[in-house]
Amino acid sequence: MVNLYTSDDSKPKAKAETPLLTTPEANPGQVKLERDEPHILASFHEKPEGISFANQDSGEEVLLFLRRHYITNLSWQIATIVFVMLPLLAFAAFPYLNIALPIAVPFNYILILVLFYYLIVFGYAFVSFIVWFYNVGIISNHRVIDIDVNGISSKDIAATDLKDIIDISYKQSGLQQNLFDFGDVEMETEAEKPNFEFLSVPHPAKVVDLISKLNVNSRR
């Protein structure tokens with residue numbers, strides 16, 4: 001399984017170069033964040049404890065850890081439940097349908113087919129969960145990192161310095177995104193670098209506000 005971030009409580013934590021926890025009155029250019037104990041399945045972590053990533057610089061601190069909003073998993077979760085129930089419903093209804101099979105199928109063959117069917121269903125659910133779990137966005141006091149995983153063995157990691165972001169915005173469309181407060185955050189960088197997207201992340205307005213303030217501070 002792909003290891004995208006690590007937790008090492010024994011590693012000493014370097015202090016950030018600039019104070020990050022401050023009141024807006026003291027410094028309006030900085031954002032106040034509450035340190036958060038990370039939950040393994042949560043989608044929005046402010047200053048999470050114990051989360052680090054490969055090639056993390058000295059003095060670099062993770063300020064925000066993002067995944068797609070958990071509500072986006074409902075489609076594949078509902079599909080999995082339906083697929084799991086289908087054979088059970090078929091076996092329950094078959095005696096009442098009065099359908100005569102042209103040939104007698106041994107019970108062992110039926111069992112193997114059912115087991116193979118469930119292997120496919122649970123494989124689909126497992127891959128869907130892995131794609132959600134390991135597609136993450138990380139915002140540190142130095143840069144923005146976008147980690148995209150496609151399937152089990154394919155991943156794409158992109159990063160850009162905060163000072164290279166020239167425009168940032170978010171959009172929420174539809175009742176579901178507005179009701180559950182999630183949306184897409186889009187960042188435009190310098191021409192020679194790719195643009196960045198955090199798709200379906202919780203509290204997009206707060207994400208944009210944090211990155212904007214960090215971007216301003218990085219240019220001073």
Side chain to side chain contact (heavy atoms under 4.5 Å, CB included) between Ile157 and Asp146, worked out
CA-CA 6 Å; Ile157 302 177; Asp146 183 19; over 6 Å; no
For a side-chain hydrogen bond (donor to acceptor under 3.5 Å, both in side chains) check, start with the C-alpha distance between Asn73 and Trp76, then their side-chain angles and the critical distance, and finish with the verdict.
CA-CA 6 Å; Asn73 292 325; Trp76 66 262; 3.0 Å; yes
Start with the C-alpha gap between Gln177 and Asp184, add the side-chain angles, then the distance that decides, and say whether side-chain hydrogen bond (donor to acceptor under 3.5 Å, both in side chains) holds.
CA-CA 9 Å; Gln177 289 193 356; Asp184 302 334; 4.7 Å; no
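Side-chain atoms of Asn135 come within 3.5 Å of backbone N or O of Val131 as a donor-acceptor pair. With Ser212 contributing its side chain and Val208 its backbone, the two residues share a donor-acceptor pair below 3.5 Å. Side chain of Arg67 to main chain of Phe133: a donor-acceptor pair is present (N/O by atom type, distance under 3.5 Å, no hydrogens or angles).
A ring-centre distance under 6.0 Å is not found for Phe182 and His203.
Asp167 has its side chain out of reach of Thr189: every pair of non-hydrogen atoms, C-beta onward, lies at least 4.5 Å apart. Taking the side chain as every heavy atom from C-beta outward, Gln176 and Ile71 approach each other to under 4.5 Å. Residues Trp132 and Tyr70 have side chains in contact (heavy-atom distance under 4.5 Å, counting atoms from C-beta outward). With a 4.5 Å cut-off on side-chain heavy atoms, Ser140 and Glu61 do not count as touching.
Residue pairs meeting the side-chain hydrogen bond (donor to acceptor under 3.5 Å, both in side chains) criterion with at least one member in residues 103-126, sequence neighbours excluded, do not occur.
Here Ile138 contributes atom CD1 and Leu64 contributes atom CG; the two are 10.0 Å apart, rounded to the nearest 0.5 Å.
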